[in-house]
Amino acid sequence: GGNSGSQPWDYIAKIVSIGDSAAGKTSLTIRLCEGRFQTDHNVTIGVEFGSRTIEVASNPPKRIKLQIWDTAGQETFRAITKSYFRGATGALLVYDITRRNTFISCISWLHELRQSGEPHMSIILVGNKSDLAAQRQVSTAEAQAWADSQGLHAFVETSAKTGEEVEKAFVSVATEIYENI
Ligand code: GDP
Ligand code: MG
């Protein structure tokens with residue numbers, strides 16, 4: 001583990017965030033790591049990082065430092081290189097609940113992840129923008145059923161805008177990773 005800085009940790013884990021452009025991947029990372037929401041859609045070039053230490057409810061509790069990698073404007077399958085996935089033990093597969101096509105794309109994203117990612121990755125399906133439920137195009141039941149059918153480890157609906165369930169999504173991935181150590 002590491003004990004430098006304000007957040008000591010027992011384990012460190014690389015998490016990749018994938019999904020269609022504008023699903024809210026960057027916003028989720030910023031919400032978790034910096035506790036704020038930015039309204040402009042900044043398509044940055046290259047890979048961006050955020051990190052946050054999450055406590056997993058084991059006995060004794062363990063602190064997992066999540067290093068979250070963000071695709072940053074390379075949201076086409078071919079543009080993402082193998083190095084993006086290398087060493088990642090967890091993944092957030094993100095779609096926007098108000099745009100059905102972003103949910104349908106998850107089929108291809110998951111395929112890509114299973115081809116290029118590490119074996120035994122903990123994959124969490126995240127339906128983002130739950131604050132816009134009035135414009136919903138994907139039901140919770142449908143997404144849950146698909147996540148179950150694909151053997152994904154969890155399904156969470158989040159809002160990077162309000163912060164709702166964001167912590168829960170990352171805690172589920174951290175817990176799953178810890179259980180696989
Ligand atoms: P990315 O391309 O997947 O990284 O998506 P971004 O994080 O850049 O977000 C795309 C757009 O959706 C931006 O305008 C965000 O402000 C907005 N956005 C992201 N998350 C949410 C959310 O939970 N609710 C709402 N209402 N807007 C969001
Ligand atoms: Mg982004």
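These numbers come from the heavy atoms of this one structure, side chains and all, not from hydrogens, waters or symmetry mates. When a residue number appears, it is its place in the shown sequence, counting from 1. All ligand and atom numbering here is 1-based and tracks the order in the structure.
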> Given the rule that I, L, V, M, F, W and Y join up when any side-chain heavy atoms are under 4.5 Å apart, are Tyr11 and Leu32 in one cluster?
Replying inline: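 Both belong to a single hydrophobic cluster.
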What are the atoms of ligand 1, with element, lying closer than 4.0 Å to any heavy atom of [X]?
| X | result |
| --- | --- |
| Asp131 | 22 (C), 23 (O), 24 (N), 25 (C), 26 (N) |
| Ser21 | 2 (O) |
| Ser27 | 6 (P), 7 (O), 9 (O), 15 (C), 19 (C), 20 (N) |
| Leu132 | 26 (N) |
| Asp20 | 3 (O) |

> Does the side chain of Ser105 come under 3.5 Å of the side chain of Asp20 through a donor N or O and an acceptor N or O?
Replying inline: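 A donor-acceptor contact under 3.5 Å links the two side chains.
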>> Closer than 2.8 Å to the Mg ion (ligand 2): does that hold for any N, O or S atom in Thr26?
In response: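 For Thr26, the answer is yes, given that an N, O or S atom comes within less than 2.8 Å of the Mg ion (ligand 2).
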>> Against ligand 1, does Thr29 come closer than 4.0 Å with any heavy atom?
In response: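 Checking ligand 1 against Thr29, which is what was asked, there is no heavy-atom contact under 4.0 Å.
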>> I want to check something: taking the side chain as every heavy atom from C-beta on, are Ile124 and Phe155 in contact at a cut-off of under 4.5 Å?
In response: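 Not in contact.
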>> With a 4.5 Å cut-off on side-chain heavy atoms, are Tyr84 and Ile18 touching?
In response: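 Yes; the side chains approach each other to less than 4.5 Å.
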Please confirm whether [X] comes within less than 3.5 Å of ligand 1 when only nitrogen or oxygen atoms on both sides are compared.
| X | value |
| --- | --- |
| Gly24 | yes |
| Asp70 | no |
| Lys161 | yes |

> Which is it for Asn128 and ligand 1 at heavy atoms under 4.0 Å: side chain, backbone, both or neither?
Replying inline: side chain
> Side chain, backbone, both or neither: which part of Thr26 has a heavy atom under 4.0 Å from ligand 1?
Replying inline: both
>> Holding to salt bridge (Lys or Arg N to Asp or Glu O under 4.0 Å), I want the full list of residues that pass it with Glu142, two or more places apart in sequence or in another chain.
In response: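 Partners of Glu142 under the salt bridge (Lys or Arg N to Asp or Glu O under 4.0 Å) test: Arg100.
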Please output the side-chain donor-acceptor pairs of residues 173-181 that fall under 3.5 Å, not counting sequence neighbours, one pair per line with the distance.
{"from": "Thr175", "atom 1": "OG1", "to": "Val171", "atom 2": "O", "distance (Å)": "2.7"}
{"from": "Asn180", "atom 1": "ND2", "to": "Ser122", "atom 2": "OG", "distance (Å)": "3.4"}
{"from": "Asn180", "atom 1": "ND2", "to": "Glu176", "atom 2": "O", "distance (Å)": "3.4"}

> Can you list the steps and then say if Asp70 with Lys25 is a salt bridge (Lys or Arg N to Asp or Glu O under 4.0 Å)?
Replying inline: CA-CA 7 Å; Asp70 186 357; Lys25 301 178 297 298; 5.6 Å; no
> So with a 6.0 Å cut-off around NZ of Lys168, is the heavy-atom count from everything else above 12?
Replying inline: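 At most 12 heavy atoms, drawn from other residues, nucleotides or ligands, come within 6.0 Å of this atom.
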